[in-house]
Amino acid sequence: QVQLTESGGGSVEAGGSLRLTCVASENSYETACMGWFRQAPGKEREGVAAISNDGSVSYADSVKGRFTISKDNVKGTLYLQMNNLKPEDTGMYYCANLHVCTPLVQSNVNFWGQGIQVTVSS
């Protein structure tokens, strides 16, 4: 069982930045796909970004050019740098351990973090 713990959420104004961090209870980043999902109130949870074990990255169209996913295998830490945030980025953000990166969907998730709130005001 892999435990994932997110941090770094909060409230910002539109145009601001936040960096989310996810730490795993054991270092699974070298062998697994890691990703970020988000869920806005009343909406389905959606994939935001993923990074494979060879470092390949992918993003949802809505965040391309604004969000950057990265990982530090030595520290066992996953990051999501979010720039130029928009009100529509508001939601709970979840770190995920996946068995494949594509497609970035809930059915490919092995383990979830507990989630962290991101709120962007206009």
### Task
Identify which one of T5, T77, L78 satisfies the side-chain contact (heavy atoms from CB on, under 4.5 Å) criterion when paired with C22.
L78
### Query
At what distance, to the nearest 0.5 angstrom, does OG of S121 lie from CD of E13?
5.0 Å
### Query
Got a second to check how far I51's CD1 is from M34's CE, nearest 0.5 Å?
10.0 Å
### Message
Let me check something: do M92 and Y79 share a hydrophobic cluster, defined by ILVMFWY side-chain heavy atoms less than 4.5 Å apart, either directly or through other members?
### Response
no
### Task
Output, in order, the C-alpha distance, side-chain angles, deciding distance and verdict of side chain to side chain contact (heavy atoms under 4.5 Å, CB included) for T68 and Y59.
CA-CA 8 Å; T68 302; Y59 298 95; 3.8 Å; yes
### Task
Work out which heavy atom in S122 is nearest to a heavy atom in A14; give both atom names and the distance.
CA-CB, 4.3 Å
### Message
Taking the ring centre of each residue, are F67 and W36 less than 6.0 Å apart?
### Response
no
### Atom of G9, atom of I116 and distance for their closest heavy-atom approach
N-CD1, 3.3 Å
### Message
Do L80 and V2 sit in one hydrophobic cluster, given that two such residues count as connected whenever their side-chain heavy atoms are within less than 4.5 Å of each other, even indirectly?
### Response
yes
## Note on the structure
For R66, the side chain to side chain donor-acceptor pair (under 3.5 Å) test, sequence neighbours excluded, returns D89
#### Entry: W112 and N97, any side-chain heavy atoms less than 4.5 Å apart
no
### Message
Nearest 0.5 angstrom please: I69 CD1 to S56 OG, how far?
### Response
11.5 Å
### Any side-chain heavy-atom pair of V120 and L18 under 4.5 Å
no
### N83: partners by side chain to side chain donor-acceptor pair (under 3.5 Å), with sequence neighbours left out
S17, Q81
### Query
Between CG of L98 and OG of S52, what distance do you get to the nearest 0.5 Å?
11.0 Å
### Task
Please answer whether the main-chain N or O of G16 pairs with a side-chain N or O of N84 as donor and acceptor at a distance below 3.5 Å.
no
## Note on the structure
Output for pair (S7 OG, L20 CG), nearest 0.5 Å, gives 8.0 Å
### Query
T119 and Q117: side-chain donor and acceptor closer than 3.5 Å?
yes
#### Entry: Candidate list R45, R38, Q114, Q106, test side-chain contact (heavy atoms from CB on, under 4.5 Å), partner Y94, passing option
R45
### Task
Begin with the C-alpha distance, continue with both residues' side-chain angles, and end with the deciding distance and a verdict on side chain to side chain contact (heavy atoms under 4.5 Å, CB included) for E6 and T21.
CA-CA 5 Å; E6 302 97 335; T21 299; over 6 Å; no
### Task
Sequence neighbours left out, what passes side chain to side chain donor-acceptor pair (under 3.5 Å) with T102? Give chain and number order.
none
### Task
Mind checking the OG-CZ spacing from S70 to R19? Nearest 0.5 Å is all I need.
7.0 Å
### Query
With a 4.5 Å limit on heavy-atom distance, are the side chains of V23 and L4 in contact?
no
